[in-house]
Asker: 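The structure's right below; bear with me while I get my questions together.
The chains referred to below are lettered A, B, ... by the order of the sequence lines, with proteins before strands, and numbering in each begins at 1. Just so it is clear, the values below take in all heavy atoms, side chains as well, and ignore hydrogens, waters and symmetry mates.
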Amino acid sequence: MPELPEVEVIKQSLDKKIKFQKINKVLVRNRNLRFKVPKNFEFFLKNKKINKILRKSKYLIFHLNNNSFLIIHLGMSGTIHLVSKKNCYKNTNASFYGSSNLPIKHSHILIFLKKHQIIYNDPRRFGFVKILKNKKNLEFFFRNLGPEPFNNKFKIIYLYNYLSGKKKNIKSFLLDQKFVSGIGNIYANEILFYCKINPFKQAKNITKMEIGKIKYFSKFILNKAIKKGGSSIKNFKNAKGNKGNYQNEFKVYDRENLNCLKKDCYGKIKKKIVSKRSTFFCNRCQN
DNA sequence: AAGAGGCCCTGATAGC
DNA sequence: TGCTATCAGGGCCTCT
């Protein structure tokens, strides 16, 4: 589900409330996420304090008080819920239940704080959690991640060198986290629309001018989406349960056969599959 | 090296 | 109504 903007929105909605709170207890109800939740996960987190919440591309990072880190990736369908003790899941010998606005299924990990409960819910279980014991491990873990569009390293010459000579289409490069991190299928489509680049165009044929546009609009779109609270297709909500609004701003994503929204363009939005992902583009102004 | 394709999993929706 | 097929905000792994 969540691309960089959604993860950033979750991060912001978590940050103030749980900063400096101590983890009293952790309950793992299903260890079978993308990677198995390790046996010592609960024990390791117990009594640690959350100093800060960070985000790197699509990863949430809880900075703990002994300079270790809890990493969360939400995969396709993961969500984080932050609820008060009053409304949280209760676990008795006889049963497990939560207040009416909490999901009935797929709440795999619960983190009990003094006043709150953090819930990791993920129907498809493509997400995962990981403990990294120090900064070195953290750096190693992210060693293959390319720069975010917000990063200074994401500059013309970097993009130009990376793309030059590559036969693959530009869309799949925007989805390649080694090239640029944080962009997923929705925003890749939207960015290429703003750039007026056909998603099938081979990377080696992207002009310097187009590279400038990719650099500019990647940042522009992600920023805009963050300001709108992310995109709520399916049931994305921030940790407090509020929906985002960027889905109302989509120019191409999920708009198959609708009219192009560019002024004076009378094209239609087409849908085609590019490297197993739905790809939306205007057949007139993106070619 | 670079690129293509399979796979992990559940749920919503479309079509019969 | 109930079945089956297809598709979803991702990314790792293997094979050529």
Asker: Does NZ or CZ of A:K168 come closer than 6.0 Å to the centre of the six-membered ring of A:F173, within 45° of the ring's axis?
Answerer: yes
Asker: What is the distance, to the nearest angstrom, from the CG atom on A:L33 to the P atom on C:dG10?
Answerer: 18 Å
Asker: Pick out the pairs of N or O atoms, protein on one side and nucleotides 1-4 of chain B on the other, that lie under 3.5 Å.
Answerer:
{"unit_1": "B:dG3", "atom_1": "OP1", "unit_2": "A:K167", "atom_2": "N", "d": "2.7"}
{"unit_1": "B:dG3", "atom_1": "OP1", "unit_2": "A:K168", "atom_2": "N", "d": "3.1"}

Asker: So, A:F250 versus A:F193, ring centres under 6.0 angstrom or not?
Answerer: no
Asker: Expressed in angstrom and rounded to an integer, what is the separation of A:L175 atom CG from C:dG11 atom C1'?
Answerer: 11 Å
Asker: Roughly how far apart, to the nearest Å, are B:dG6 and C:dT6 at atom P?
Answerer: 14 Å
Asker: How many whole angstroms separate atom CE of A:M76 from atom P of C:dT6?
Answerer: 17 Å
Asker: For C:dG10 and A:H73 - does any side-chain N or O of the residue sit under 4.0 Å from the phosphate oxygens OP1/OP2?
Answerer: no
Asker: Within 45 degrees of the axis of the six-membered ring of A:Y160 and under 6.0 Å from its centre: does A:K208 put its NZ or CZ there?
Answerer: yes
Asker: Tell me, which pairs form a ring-ring contact (aromatic ring centres under 6.0 Å, His included) where one or both residues lie in residues 20-45 of chain A, sequence neighbours left out?
Answerer: A:F35-A:F128
Asker: In whole angstrom, what separates A:I273's CD1 from C:dG10's P?
Answerer: 14 Å
Asker: Given atom NZ of A:K56 and atom P of C:dG10, what is their separation to the nearest angstrom?
Answerer: 18 Å
Asker: Nearest-Å distance, CZ (A:F236) to C1' (C:dG10)?
Answerer: 15 Å
Asker: I need the single residue from A:Y246, A:F280, A:Y187 that forms a side chain to side chain contact (heavy atoms under 4.5 Å, CB included) with A:Y253. Which is it?
Answerer: A:F280
Asker: Nearest-Å distance, CD (A:Q247) to P (C:dA8)?
Answerer: 17 Å
Asker: Would you measure the distance from the P atom in C:dC7 across to the matching atom in B:dG5 and give it in whole Å?
Answerer: 15 Å
Asker: Under 4.5 Å side-chain heavy-atom separation, chaining through any Ile, Leu, Val, Met, Phe, Trp or Tyr, what else clusters with A:F200? Say none if it is isolated.
Answerer: A:V274, A:F281
Asker: Is there side-chain contact between A:T79 and A:H81, with heavy atoms separated by less than 4.5 Å?
Answerer: yes
Asker: Just by protein heavy atoms under 4.0 Å, how would nucleotides 7-13 of chain B read 5' to 3' in B, S and -?
Answerer: -BBBS--
Asker: Taking side chain as C-beta onward, heavy atoms only, is A:D122 less than 4.5 Å from A:H106?
Answerer: no
Asker: Run through DNA chain B and report every stem of 3 or more consecutive Watson-Crick or G-U pairs, distances under 3.5 Å, ordered by first number.
Answerer: B:2-8 with C:10-16, B:10-16 with C:2-8
Asker: Can you tell me how far C1' of B:dA14 sits from CG of A:D254, to the nearest Å?
Answerer: 14 Å
Asker: What nucleic acid atoms does A:Y253 come within less than 4.0 Å of, heavy atoms only: base, sugar-phosphate, or nothing?
Answerer: sugar-phosphate
Asker: Going by ring-ring contact (aromatic ring centres under 6.0 Å, His included), name the pairs with one or both residues in residues 50-72 of chain A, residues two or more places apart or in two chains.
Answerer: A:Y59-A:H73, A:Y59-A:F141, A:Y59-A:F142, A:H63-A:F69
Asker: Would A:K171 and A:N185 count as a side chain to side chain donor-acceptor pair (under 3.5 Å) if you check the C-alpha gap in whole Å, the side-chain angles of each, and the deciding distance to 0.1 Å?
Answerer: CA-CA 9 Å; A:K171 163 93 188 296; A:N185 198 36; 2.9 Å; yes
Asker: Just call it for A:K178: base, sugar-phosphate, or nothing, with non-hydrogen atoms closer than 4.0 Å on any strand.
Answerer: nothing
Asker: How long is the straight-line distance from CG of A:L174 back to CG of A:N189, given to the nearest 0.5 Å?
Answerer: 9.5 Å
Asker: Between A:E190 and A:K224, does any side-chain N to carboxylate O distance fall below 4.0 Å?
Answerer: no
